[in-house]
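Heads up: the structure comes next, in C-alpha cells.
Convention: sequence-line order gives letters A, B, ...; per-chain numbering from 1.
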Protein chains: 2
Amino acid sequence: MSMPTSIETLSRSPTANRVRGLKLLANCSRCSIRPASVCSALDAGALSEFEAIGREASFAPRMIVFMEGERADWVYTVTSGLVRLFRLLPNGQRQIVGFGLPGDFLGLPRGERHVYSADAAVGTTACRFHRQDFIMFAENHTRFLRRLHDAAVKALDLAQEQMTQLGPRRADAKIASFILSMRARWMEINGAGESVPLPMSRQDIGDYVGLNIATVSRTFTRLDRQGVIRIVPKGVRILNFPALRQLAEQ
Amino acid sequence: MSMPTSIETLSRSPTANRVRGLKLLANCSRCSIRPASVCSALDAGALSEFEAIGREASFAPRMIVFMEGERADWVYTVTSGLVRLFRLLPNGQRQIVGFGLPGDFLGLPRGERHVYSADAAVGTTACRFHRQDFIMFAENHTRFLRRLHDAAVKALDLAQEQMTQLGPRRADAKIASFILSMRARWMEINGAGESVPLPMSRQDIGDYVGLNIATVSRTFTRLDRQGVIRIVPKGVRILNFPALRQLAEQ
DNA sequence: ACGACGCTTTGCCCTGGGGCAAAGGAAAGG
DNA sequence: CCTTTCCTTTGCCCCAGGGCAAAGCGTCGT
C-alpha cells in the first residue's frame, strides 16, 4: 500500500545545526501563549524565578531540536512556530508521531533518552531549560508539577487518539479527523473560530496520518470542491461543520 | 481501503458478565509467571502481605474485564490466558491497542477512568487488587513502585512502536513485525525458542495491525508457503529468521 | 461418535490510494 | 525585480488489499 517517504527524498533533510540563537527570558508575565502553557500555573513570584533558569531559543525551519536516542538534557516550551516529533523507520520512512504547537511542552521522556526526534517545521521559538534546573524547580512548585502531569496525560491521550486514527481508515476520514483535531488544539490557544491554521507541509500531514502526499493533496482538493472546507494560505476554513464531523467518524 | 469490523459483526460480542470466580491467593512464591511480572520485585515477606490484598479472578472467553470510561477501581496482573485491550471507534470498528499477556499489569490509567476497554480473548486468570489497596501497598514498597514504573514505560514504548507499525506499511511487513514482537514478548516469559504462540484470533490480529481478516489469513498462508514460517495450531514456528526480519523492516 | 457452530482459508472481483511525473505556484535569495 | 528552488496539484496507470461469499476445518458439547 504505502510508500516509504525516505528522508532523502524529502525536499530537504533536517539540518544538523541546533538552536540558532539564545536570549534571556524577559517578561514571561506578558507572554501571550502563557495561558496555554505549563507556565500558566505560576504566579508573579515563581514566574520571575522561572525566567532566571530559562533562555529563549530560536530554530530555523528544518533545524533539529533533539534526536531520538540522545540524552534528554534540555526541555522546551514552544512559544511560536511548529515542531515536528518523528521517528525514522528502518525502511527510511518518517512517521510523525505528533506536532508541537505554541504552548506545548517537549523533551521530558520517561527515561533519560529521547524516544523520538524533533525538528522545526517552520521558524520556531521555544523557552529552553536545563533538565535538572527544570526538575528541581518543578519539585519546589507543586501546582506547576501537577500542571506538568496534566500536560503529560494530554499528550498520552493524543497519542492514543492518533493510534486509532492511523489504522485502516479512508483518506477523507483521516484528513477530516486531522483538521478537527488541529482546530481543537488551536482553539485552546486562540479561542479562534472556523479558520484552522495548518503550518505544516502536505508531506508532514501525510507522514502523520499515514497517507501519500498526493492523496493528501487530492483529498484536500476534494473536500474543498465539495464545499466542506475552503483551502486558504497555510490552513483551511471550515464551511460545513456537520459534514466534516460526519466524514471524521467514518 | 478498510472495513469497519463492527462489533456486531464479530462472531460474538464481549459478554457483559465480569469475573467468573474469585479465589484467595495462595503461594505467590510458587507462581510460575512471577519472574515476568511486577511481583518479581517482592521478597518473601512483602509477597505474603501482597497475597492478603489480592484475589485470583477467572474470565471466560469474551468476558469483559473493564470498559472504557468506567472508573478504574481494580487493577490486574494477568497470570494466564490473553486479554485484549481495545477501543470502539464511532464507526463501530474495533481498534485493538494492545494484548495483555501473562505477567502483564493492567488497569491503572493516568486518570481515574479507563481510556480503553479490556476483555478476555481466551480463558484467562488474573490477580485482582483494589486500586486503593494496591496503591497504598506500592507506596510502602519502593522497589515495587519502581518496578511498576518500569512496566508503565514498557507499555508506553510498545504503544509508540505500535503507532509506527500501524502506518501505511505492506501487509507482510505488518504481519512479520507482529510475529517478531509477539516472539520477543513470549521470550521474556518462556525464554522459549522458534515457536511463537498466537492465542488470539485472526480477526484480533487484523484489528491490531490494521488489516482485514482475509488479508491477515492470506499473508500468513503466503509466509508459510514461502517457507518463512510454519503455521502450527495456535501459533507459528519461525523457519527463516533473517527473511522474517527483512520483511519486518519494509 | 456425531453434529453444530464458529473460525479460517480461499477465490473472485473491484476500488482506493500509491508511484511517477509534469505542470503550476509561491516564496526565498541575489 | 527576476531567478531559482521548493512545494502543491493533477493526470494516468496499476496493484495491494478490501468486500463478499463459499468451502474447509477444528472444536466443543451432547
Side-chain angles (χ1 to χ4, degrees), chain A residues 1-6 8-15 60-62 84 91-93 121-123 166-175 198-207 209-225 229 231-236 247 250, chain B residues 1-6 8-15 60-62 91-93 121-123 166-175 198-207 209-225 229-236 247 250:
Chain A
M1 270 280 84
S2 82
M3 40 30 334
T5 299
S6 126
E8 290 79 21
T9 71
L10 295 175
S11 18
R12 292 209 236 152
S13 310
T15 62
R62 284 177 313 279
R84 298 182 284 223
N91 61 1
Q93 167 147 12
V122 298
L166 269 171
R169 307 170 67 221
R170 296 177 23 182
D172 47 11
K174 287 183 173 184
I175 295 299
L198 299 175
M200 69 289 289
S201 73
R202 294 288 190 254
Q203 182 69 64
D204 292 337
I205 297 175
D207 287 350
V209 302
L211 290 174
N212 183 292
I213 179 177
T215 304
V216 172
S217 181
R218 269 187 270 263
T219 306
F220 271 102
T221 306
R222 192 176 339 123
L223 293 181
D224 184 301
R225 277 210 253 276
I229 60 171
I231 299 176
V232 299
K234 306 266 176 224
V236 296
L247 281 171
Q250 291 314 300
Chain B
M1 270 273 84
S2 80
M3 41 29 333
T5 299
S6 127
E8 291 79 21
T9 71
L10 293 176
S11 19
R12 293 210 235 152
S13 311
T15 63
R62 284 177 314 279
N91 62 0
Q93 167 147 13
V122 298
L166 269 171
R169 306 170 65 222
R170 295 175 26 183
D172 46 10
K174 287 183 174 184
I175 296 298
L198 299 175
M200 68 289 290
S201 74
R202 295 288 190 253
Q203 182 70 62
D204 292 337
I205 298 175
D207 287 350
V209 301
L211 289 174
N212 183 292
I213 179 177
T215 304
V216 171
S217 180
R218 270 188 268 263
T219 306
F220 271 102
T221 306
R222 195 179 333 124
L223 293 180
D224 183 303
R225 277 210 252 279
I229 61 171
R230 178 102 313 141
I231 299 176
V232 298
K234 307 266 175 221
V236 295
L247 281 172
Q250 292 314 300

What is the distance, rounded to the nearest whole Å, between atom [atom1] of [X] and atom [atom2] of [N]?
{"X": "B/I231", "N": "C/dT8", "atom1": "CD1", "atom2": "C1'", "value": "10 Å"}
{"X": "A/Q93", "N": "C/dG18", "atom1": "CD", "atom2": "C1'", "value": "12 Å"}
{"X": "A/I213", "N": "D/dG11", "atom1": "CD1", "atom2": "P", "value": "16 Å"}
{"X": "B/L198", "N": "C/dT8", "atom1": "CG", "atom2": "P", "value": "11 Å"}
{"X": "B/I205", "N": "C/dT9", "atom1": "CD1", "atom2": "C1'", "value": "14 Å"}
{"X": "B/L166", "N": "D/dG17", "atom1": "CG", "atom2": "C1'", "value": "16 Å"}
{"X": "B/Q250", "N": "D/dA16", "atom1": "CD", "atom2": "P", "value": "14 Å"}
{"X": "A/R218", "N": "C/dG18", "atom1": "CZ", "atom2": "C1'", "value": "8 Å"}

Handout entry: Derivation of the side chain to side chain contact (heavy atoms under 4.5 Å, CB included) call for B/D207 and B/I213
Key = CA-CA 8 Å; B/D207 287 350; B/I213 179 177; over 6 Å; no
Practice task
Would you indicate which nucleotide in C/dG18, D/dT9, C/dT9 comes nearest to any side-chain atom of A/N212?
Solution key: C/dG18
Practice task
Side chain of B/A171 only, please: which of C/dT8, D/dT9, D/dG17 is the nearest?
Solution key: D/dG17
Problem - Non-hydrogen side-chain atoms of B/L198 and B/K234 separated by less than 4.5 Å - result: no
Handout entry: First of B/R225 and A/P233 reached from the 5' end of DNA chain C, by closest nucleotide
Key = B/R225
Completion exercise
Whichever of A/A214 and B/F220 has the more 5' nearest nucleotide on DNA chain C, that residue is B/F220
Practice task
Would you indicate what B/T221 reaches in the nucleic acid, counting non-hydrogen atoms under 4.0 angstrom: base, sugar-phosphate, or nothing?
Solution key: sugar-phosphate
Practice task
Remember a base hit wins even if backbone is also touched, and classify B/S201 as base, sugar-phosphate or nothing at under 4.0 Å, heavy atoms.
Solution key: sugar-phosphate
Handout entry: CA sep, side-chain torsions, deciding dist, call: B/I175, B/I205, side chain to side chain contact (heavy atoms under 4.5 Å, CB included)
Key = CA-CA 9 Å; B/I175 296 298; B/I205 298 175; 4.1 Å; yes
Problem - Whether B/D224 side chain and B/T221 backbone form a donor-acceptor pair below 3.5 Å - result: no
Exercise for the section: Check whether any side-chain N or O of B/T215 sits under 3.5 Å from a backbone N or O of B/L211 as a donor-acceptor pair, and report yes or no. Expected result: no
Exercise for the section: Would you indicate, yes or no, if C/dG17 has its OP1 or OP2 atom less than 4.0 angstrom from a side-chain nitrogen or oxygen of A/R170? Expected result: no
Practice task
Compare side-chain N and O positions of A/T215 against OP1 and OP2 of C/dG16 and report whether any pair is under 4.0 Å apart.
Solution key: no
